[in-house]
*Asks:* 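For reference, the structure I am asking about is given below.
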Amino acid sequence: MNVSASTLSLTVADIDASRDFLCTHLGYEVAMAQDGFASLTREDAAVDIVLLRKGTAVLPAEQRDRDAGGLILALTVPDLEAEEARLRAAGAPITMPLREEPWGERLFQLTDPNGVVVQLVEWAVPDHPADPDEDTALHVLTPSTESVTVSPNATMTGLAAPSRGSAELSTWTVAMDAGATGPEHSISREQVWTVTAGALEVTCDGRTEKVSAGQTLILPADLVRRIHAPARAEVHVSMRSDGVASVPGTEGTRELPWAR
């Protein structure tokens, strides 16, 4: 078999909506169009796309009522951060923020008006070729000023993270002065907080717990919490490295710079 070209055929309810999404945000062009049909292409290696209206008679009877919602169209691109920034600025519907998987795949997702998921992908490349004589099983990290983030309520010092040698987990320390109270927020991943000095009062899901030095608190994912330091406190935190924050009453998510 010798394949000369590839085309992905998508059956959707609203051809115009998917066509405009792919042309506006992903640089596709209309090669051919008729009622109930549109053929889209790009000049690079991206797969060509055919859009067919759901229910059209050109489809076999058993396929007419199916649609492409939930399908993932994956496109590998260079400079993934620049693509995400461009699409965010254009108001594109980013439904999964940029993340890195343990196996080295970096990606984020958009969803078109018909529910078709588009995944933009970049594969992580090591900073230097692997040295067969180098012991890659151990990484010793020393905190630096570059990994410190100061907010109005706390100081975060990044330890392990994908940018500092970790494949799956992020860890950091938090220092809060007496009387400091953080804003209400939630995190998309479970976090483990171990208080190493002082104490915290943590309100989560309508319940407040005091956590003293030597104690560990497990904060579930996606529950709104607020953290108060009745006295100066220091904490060690760990979570999966792809966690992002949400603030009640605001749209979108926020990355944790000290955990990236």
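In what follows, every heavy atom counts, from backbone to side chain, and hydrogens, waters and symmetry copies are set aside.
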*Asks:* Decide side chain to side chain contact (heavy atoms under 4.5 Å, CB included) for Lys210 and Gln215; before the verdict, give the C-alpha distance in whole Å, the side-chain angles of both, and the deciding distance to 0.1 Å.
*Replies:* CA-CA 10 Å; Lys210 183 175 182 180; Gln215 292 185 307; over 6 Å; no
*Asks:* Take Arg53 and Asp35 through the side chain to side chain contact (heavy atoms under 4.5 Å, CB included) test and state the conclusion after the steps.
*Replies:* CA-CA 9 Å; Arg53 182 179 297 135; Asp35 183 44; 3.2 Å; yes
*Asks:* Not counting sequence neighbours, list each pair that qualifies as a ring-ring contact (aromatic ring centres under 6.0 Å, His included) and has a residue in residues 4-61.
*Replies:* Phe21-His25
*Asks:* What do you reckon, is CD of Glu29 surrounded by more than 12 foreign heavy atoms closer than 6.0 Å?
*Replies:* no
*Asks:* Between Pro162 and Ala259, which heavy-atom pair has the shortest distance, and what is it?
*Replies:* CD-O, 3.7 Å
*Asks:* Find out whether Glu100 and Ser241 are in side-chain contact, i.e. whether some heavy atom of one side chain is under 4.5 Å from a heavy atom of the other.
*Replies:* no
*Asks:* Going only through I, L, V, M, F, W and Y residues with side-chain contacts under 4.5 Å, is there a path from Val224 to Leu256?
*Replies:* no
*Asks:* Work out which heavy atom in Leu52 is nearest to a heavy atom in Ser9; give both atom names and the distance.
*Replies:* CD1-OG, 3.6 Å
*Asks:* Can you get from Val47 to Val118 by hopping between Ile, Leu, Val, Met, Phe, Trp and Tyr side chains that sit under 4.5 Å apart?
*Replies:* yes
*Asks:* Any side-chain hydrogen bond (donor to acceptor under 3.5 Å, both in side chains) pairs touching residues 248-260, not counting sequence neighbours?
*Replies:* none
*Asks:* Would you mind listing the cluster partners of Met1? Hydrophobic ones only (ILVMFWY), side-chain contacts under 4.5 Å, chaining allowed.
*Replies:* Val3
*Asks:* So among Leu51, Thr7, Asp48, which one has a side chain to side chain contact (heavy atoms under 4.5 Å, CB included) with Leu40?
*Replies:* Leu51
*Asks:* Where the side chain of Arg106 meets the backbone of Arg99, is there a donor-acceptor pair that is under 3.5 Å apart?
*Replies:* no
*Asks:* In this structure, would Met239 and Val211 fall into the same cluster of hydrophobic residues linked by side-chain contacts under 4.5 Å?
*Replies:* yes
*Asks:* Other members of the hydrophobic cluster containing Val148, with the 4.5 Å side-chain heavy-atom rule, please.
*Replies:* Val150
*Asks:* Using distance alone, with no hydrogens and no angle criterion, decide if Thr203 and Thr208 have a side-chain donor and acceptor under 3.5 Å apart.
*Replies:* yes
*Asks:* Going through the distances and angles, do Thr95 and Gln109 end up as a side chain to side chain contact (heavy atoms under 4.5 Å, CB included)?
*Replies:* CA-CA 6 Å; Thr95 48; Gln109 291 183 351; 4.2 Å; yes
*Asks:* Can you name the closest pair of heavy atoms from Gly252 and Ser246 and give their distance?
*Replies:* O-OG, 4.1 Å
*Asks:* What is the minimum heavy-atom distance between Arg225 and Cys204, and which atoms define it?
*Replies:* CB-CB, 4.1 Å
*Asks:* Salt bridge or not for Arg207 and Asp205, using N-O below 4.0 Å?
*Replies:* no
*Asks:* Applying side chain to side chain donor-acceptor pair (under 3.5 Å), can you list everything that pairs with Thr149, at least two apart in sequence or on another chain?
*Replies:* none
*Asks:* Is there a continuous path of hydrophobic side-chain contacts, each under 4.5 Å between heavy atoms, that joins Leu169 to Val174?
*Replies:* no
*Asks:* Side-chain heavy atoms nearer than 4.5 Å, only ILVMFWY residues, links allowed to pass through others: does that put Val244 and Ile227 together?
*Replies:* no
*Asks:* Tell me if a side-chain donor or acceptor on Asp44 pairs with a main-chain N or O of Ala46 at a distance below 3.5 Å.
*Replies:* yes
*Asks:* With a 3.5 Å distance limit and no angle check, can you tell me whether Asn153 reaches the backbone of Ala180 through a side-chain donor-acceptor pair?
*Replies:* no
*Asks:* Would you check if there is a donor-acceptor pair between the side chains of Trp103 and Glu101 at a distance under 3.5 Å?
*Replies:* no
*Asks:* Quick check for you: to the nearest 0.5 Å, what is the distance between Gln119 atom CD and Ile72 atom CD1?
*Replies:* 5.5 Å
*Asks:* Quick check: closest heavy atoms across Glu190 and Ala221, and the distance to 0.1 Å?
*Replies:* N-CB, 3.7 Å
*Asks:* Run the side chain to side chain contact (heavy atoms under 4.5 Å, CB included) test on Ile187 and Leu219 for me, step by step, so that the C-alpha distance in whole Å, both residues' side-chain angles and the decisive distance to 0.1 Å come before the verdict.
*Replies:* CA-CA 9 Å; Ile187 302 294; Leu219 282 169; over 6 Å; no
*Asks:* Give me the one residue out of Leu217, Thr173, Leu200 that meets side chain to side chain contact (heavy atoms under 4.5 Å, CB included) with Val235.
*Replies:* Leu200
*Asks:* Which pair of non-hydrogen atoms, one from Ala229 and one from Met176, has the smallest distance, and what is that distance?
*Replies:* CB-CB, 3.8 Å
*Asks:* For residues Arg88 and Pro97, determine if any side-chain heavy atom of one lies less than 4.5 Å from a side-chain heavy atom of the other.
*Replies:* yes
*Asks:* Hydrophobic clusters join Ile, Leu, Val, Met, Phe, Trp and Tyr when side-chain heavy atoms are under 4.5 Å apart, directly or via other members; which others share one with Leu159?
*Replies:* none
*Asks:* Donor-acceptor pair, distance only, cut-off 3.5 Å: does the side chain of Thr155 make one with the backbone of Ala175?
*Replies:* no
